[in-house]
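Quantities reported herein were computed from a predicted structural model and do not represent experimental measurements.
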Amino acid sequence: MEITAAEEEEAVHRRQQQQQQQQQQAEQASINHLPPALLHGVFSYLGPKELCCVSCTCLLWRRLTRDRVSNSTWKHFYTQRWSVTPSTAEGVCWQSKYGSKMKQGKYWTGKYEHDSLYGHKAGVKSLKLLPSHGMLLTG
């Protein structure tokens, strides 16, 4: 039984469609497709160091860790750590304030590693978080 050129072409076309569907399903299964409120819920379990580290993973997470919802979390971290009454000024980025204060005290030295990998369509950032547990984030 011989396969005609038309049948072979149809089989190739079906395989390509299946591959495209699998790729679309994989893209839809990404954590980045979760609603922002749900991601904020996940991030609420993180401490300041881990939250800062995840903000380096991808642009979406960076935006989410710097938005209005996360800003109140950073404000809480700041006031809890340094026991100060925060200013009520609008537009204060509490993540930046927290990070600056931590850099001044050199509290974060050696706590995580950051690396960028190249050779793909775009750079891939990897972040070794909690090296003792072998946790690696990429984005």
Are any side-chain N or O atoms of T79 and backbone N or O atoms of H76, one a donor and one an acceptor, separated by less than 3.5 Å? yes
Could you go step by step and tell me if N71 and Q95 meet the side chain to side chain contact (heavy atoms under 4.5 Å, CB included) rule? CA-CA 7 Å; N71 200 39; Q95 181 186 20; 5.7 Å; no
Indicate, with yes or no, if L51 and V92 share a hydrophobic cluster defined by side-chain heavy-atom contacts under 4.5 Å among Ile, Leu, Val, Met, Phe, Trp and Tyr. yes
Is the number of heavy atoms from other residues, nucleotides or ligands within 6.0 Å of CD (E9) greater than 12? no
Full working for side chain to side chain contact (heavy atoms under 4.5 Å, CB included) between R14 and E10: CA-CA 6 Å; R14 264 185 277 143; E10 184 179 328; 3.6 Å; yes
Between the side chain of S70 and the main-chain N/O of D67, is any donor-acceptor distance below 3.5 Å? no
Value rounded to 0.5 Å, distance of OG in S55 from CZ in F43: 9.0 Å
Please report the interatomic distance OG1(T57) to CG(L64), rounded to the nearest 0.5 Å. 11.5 Å
Face-on cation placement of K101 at W82 ring, 6.0 Å and 45° thresholds: yes
Given the rule in the side chain to side chain contact (heavy atoms under 4.5 Å, CB included) test, do W94 and T73 qualify, once you have shown the distances and angles that lead to the verdict? CA-CA 8 Å; W94 289 100; T73 303; over 6 Å; no
Backbone N or O of T65 within a donor-acceptor pair of the W74 side chain at under 3.5 Å? yes
Rounded at 0.5 Å granularity, tell me how far OH in Y98 sits from CZ in F77. 7.0 Å
Please tell me whether V54 and L34 are part of a single hydrophobic cluster in this structure, the criterion being side-chain heavy atoms less than 4.5 Å apart. yes
Listed by chain and number, what are the side chain to side chain contact (heavy atoms under 4.5 Å, CB included) partners of R62, not counting sequence neighbours? R66
Do V69 and Y45 belong together in a cluster built from hydrophobic side chains that touch within less than 4.5 Å? no
With sequence neighbours left out, write down each residue that passes side chain to side chain donor-acceptor pair (under 3.5 Å) with Q17, or none if nothing qualifies. H13
Side chains of E8 and T4: closer than 4.5 Å at any heavy-atom pair? no
